[in-house]
Engineer: 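Let me begin by handing over the structure; questions about it come next.
Predicted, not measured: the structure shown is a model, and the values here were computed from it.
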Number of protein chains: 2
Amino acid sequence: MSEGSAARTVSNQLSEWITEGQLPPGAKVSETSVAQRLGVSRNTVREAFRLLAHDGLLVHEFNRGVFVPLVTSADVRDVYRLRRIIEPGVVRSLGRPDLHRLARLRSVVAEADEASAERDWVRVGTANMHFHRSLVSLAGSPRLDVTMRRLMAELRLVFAVIDDPRFLYEPFVRRNRELLTMMSAGRFGEGADYLEAYLADSEGAILAAFEEKESA
Amino acid sequence: MSEGSAARTVSNQLSEWITEGQLPPGAKVSETSVAQRLGVSRNTVREAFRLLAHDGLLVHEFNRGVFVPLVTSADVRDVYRLRRIIEPGVVRSLGRPDLHRLARLRSVVAEADEASAERDWVRVGTANMHFHRSLVSLAGSPRLDVTMRRLMAELRLVFAVIDDPRFLYEPFVRRNRELLTMMSAGRFGEGADYLEAYLADSEGAILAAFEEKESA
DNA sequence: ACGTAGCGAATCGTTGAACAATCTGTCTAG
DNA sequence: CTAGACAGATTGTTCAACGATTCGCTACGT
């Protein structure tokens with residue numbers, strides 16, 4: 001499945017392994033081991049490494065190899081600093097109520113509702129990421145989109161080290177829906193403020209779960 | 001010079017060729033031709049391609065090759081949209097007057113003055129880029145830094161197609177110095193507003209030169 | 001004349017093996 | 001116990017080759 005490029009499939013597989021915690025933060029990822037396990041050439045693995053390094057899911061140290069990044073609380077703060085700059089700004093800049101362009105957001109919210117009903121928290125998590133990426137895409141800025149994709153990828157890295165993501169994801173299902181309601185009504189300023197508080201809460205919750213993890 | 005990685009030296013060379021206009025926008029860059037001309041392996045060239053694609057200096061189309069991006073006026077607008085979000089925001093967020101951290105900015109301004117006196121406009125241009133990157137680095141955000149690096153790289157792409165960059169660079173030497181004066185005095189709010197107008201003018205000037213180019 | 005199908009050349013994607021350069025850890029010598 | 005040499009492992013880079021895909025060209029049919 002997912003044809004097109006061997007390097008791409010390898011990078012997808014590695015991405016899964018990382019976000020599912022099989023490759024713990026700080027772990028070294030050897031070229032030959034991955035090449036053997038996935039039955040591809042070393043060169044292809046190297047190309048996949050570059051793809052993932054591009055999204056921040058791996059770090060490349062010259063002559064030393066690639067490693068799963070050790071995410072610190074400073075990184076979490078940095079990611080959220082950018083999110084707080086970008087996301088509310090996008091909502092605020094949405095002058096006209098382009099209602100039909102909110103369709104995608106609506107479907108993502110529905111998806112989150114469904115997954116939440118089934119207590120499938122990882123699906124809720126990915127739906128949440130899709131929501132925020134779709135939100136940013138409303139700005140119509142390609143460069144904002146790639147920045148946001150990077151940030152979300154790094155966030156997946158953070159969630160990989162947290163055991164029970166339920167209390168992190170569950171509240172956001174409701175808040176995403178409320179934000180969408182405000183935007184549908186054309187109340188973009190109010191939505192931006194709401195999203196700002198939302199993101200602050202989210203950062204706080206993640207940092208709390210994170211520092212609790214550090215003490216252990 | 002700049003040992004350590006063959007791929008890095010190749011990417012630096014390619015970067016020069018692109019920004020100096022030897023590789024025009026839209027041109028296809030073949031793997032084998034570059035490999036032969038620089039005396040390196042195809043694999044190394046591919047690695048260099050990925051590095052440059054990461055900064056937006058090349059675009060990679062599967063099974064088709066890599067190309068020098070065709071920058072449109074929409075791209076210029078997009079780059080400046082992000083700059084207007086990031087740079088004034090950084091200045092505004094500089095709460096305490098960390099005067100000693102402005103030292104680097106000061107030296108860059110001096111460099112620009114010197115280059116301007118010698119009418120070396122490409123040196124003025126790189127000094128200008130250094131100024132804005134150093135400005136953003138004051139925020140202490142790694143992710144903001146890499147975003148800014150990307151944006152500046154793409155901007156080099158734009159300048160490559162403009163013949164006489166003098167009237168684009170020259171006014172900014174003074175404005176950078178004035179902005180620095182405001183920041184040195186702790187007037188960050190005023191500086192942010194100044195920078196906002198500054199960026200708007202810059203975008204306008206580039207777009208003007210750009211559309212004039214398009215008509216020809 | 002025009003559009004289309006098919007053929008062939010060129011280029012890319014990937015493989016596999018090989019060698020050089022570098023890092024890491026161990027073991028010895030002082 | 002520290003410093004330095006040595007060996008093993010891993011990465012960086014090269015080379016040659018083969019299938020896959022794209023592109024331009026020719027030839028054909030309408």
Engineer: What pair of heavy atoms forms the shortest contact from B:Ser73 to B:Phe210, and how long is it?
Structural biologist: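 Scanning both residues, the minimum pair turns out to be N-CE2, 3.6 Å.
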Engineer: Quickly work out the B:Lys28 NZ to C:dT11 P distance and round it to whole Å.
Structural biologist: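 Taking atom P of C:dT11 as the reference, NZ of B:Lys28 is at 7 Å.
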Engineer: Side-chain N or O of A:Ser5 less than 4.0 angstrom from OP1 or OP2 on C:dT14?
Structural biologist: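 For C:dT14, OP1 or OP2 has a side-chain N or O of A:Ser5 closer than 4.0 Å.
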Engineer: What is the distance from CD of B:Glu61 to C1' of D:dC23, rounded to the nearest Å?
Structural biologist: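 Rounded to the whole Å, the gap is 13 Å.
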Engineer: State whether the side chain of B:Ser116 and the backbone N or O of B:Asp113 hold a donor-acceptor pair below 3.5 Å, judged by distance alone.
Structural biologist: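 No, because the side chain of B:Ser116 does not come within donor-acceptor range (under 3.5 Å) of the backbone of B:Asp113.
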Engineer: If we ignore hydrogens and angles and just use 3.5 Å, is the side chain of A:Asn128 paired with the main-chain N or O of A:Val124 as donor and acceptor?
Structural biologist: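 No: the side chain of A:Asn128 does not pair with the backbone of A:Val124.
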Engineer: Between C:dT22 atom P and A:His60 atom NE2, what is the distance in whole Å?
Structural biologist: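 Atom-to-atom, A:His60 to C:dT22, this comes out as 15 Å.
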Engineer: Find the distance B:Arg50:CZ to C:dC12:C1' and express it as a whole number of Å.
Structural biologist: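 After rounding, the gap between these two atoms is 15 Å.
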Engineer: State whether the side chain of A:Asp75 and the backbone N or O of A:Thr72 hold a donor-acceptor pair below 3.5 Å, judged by distance alone.
Structural biologist: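 A pair under 3.5 Å: yes.
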Engineer: Within less than 4.0 Å of OP1 or OP2 of C:dG13, is there a side-chain N or O belonging to B:Arg46?
Structural biologist: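 For C:dG13, OP1 or OP2 has a side-chain N or O of B:Arg46 closer than 4.0 Å.
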Engineer: B:Ser202 side chain to B:Tyr198 main-chain N or O, any donor-acceptor pair under 3.5 Å?
Structural biologist: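 Here the side-chain-to-backbone pair does not exist.
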Engineer: Could you tell me the separation between the CZ atom of B:Arg64 and the C1' atom of C:dC12, rounded to a whole number of Å?
Structural biologist: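 Answer to the nearest Å: 12 Å.
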Engineer: Rounded to whole Å, please give me the gap between CZ in A:Arg8 and P in C:dG13.
Structural biologist: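 That distance rounds to 12 Å.
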Engineer: Within the structure shown, what part of the strands sits under 4.0 Å from B:Glu31 by heavy-atom distance: base, sugar-phosphate, or nothing?
Structural biologist: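 If one applies the 4.0 Å heavy-atom cut-off, B:Glu31 turns out to touch the sugar-phosphate alone, with no base involved.
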Engineer: B:Arg106: which residues meet the salt bridge (charged side-chain N to carboxylate O under 4.0 Å, His left out) condition with it, sequence neighbours left out?
Structural biologist: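 Salt bridge (charged side-chain N to carboxylate O under 4.0 Å, His left out) check on B:Arg106 returns nothing, list empty.
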Engineer: Nearest to the A:Ser30 side chain among C:dT22, D:dT22, D:dT11, which nucleotide is it?
Structural biologist: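 So the nucleotide nearest the side chain must be D:dT11.
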Engineer: Using a strict heavy-atom distance below 4.0 Å, which residues from residues 35-44 of chain A are in contact with DNA chain C?
Structural biologist: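 Listed by number, they are A:Val40, A:Ser41, A:Arg42, A:Asn43, A:Thr44.
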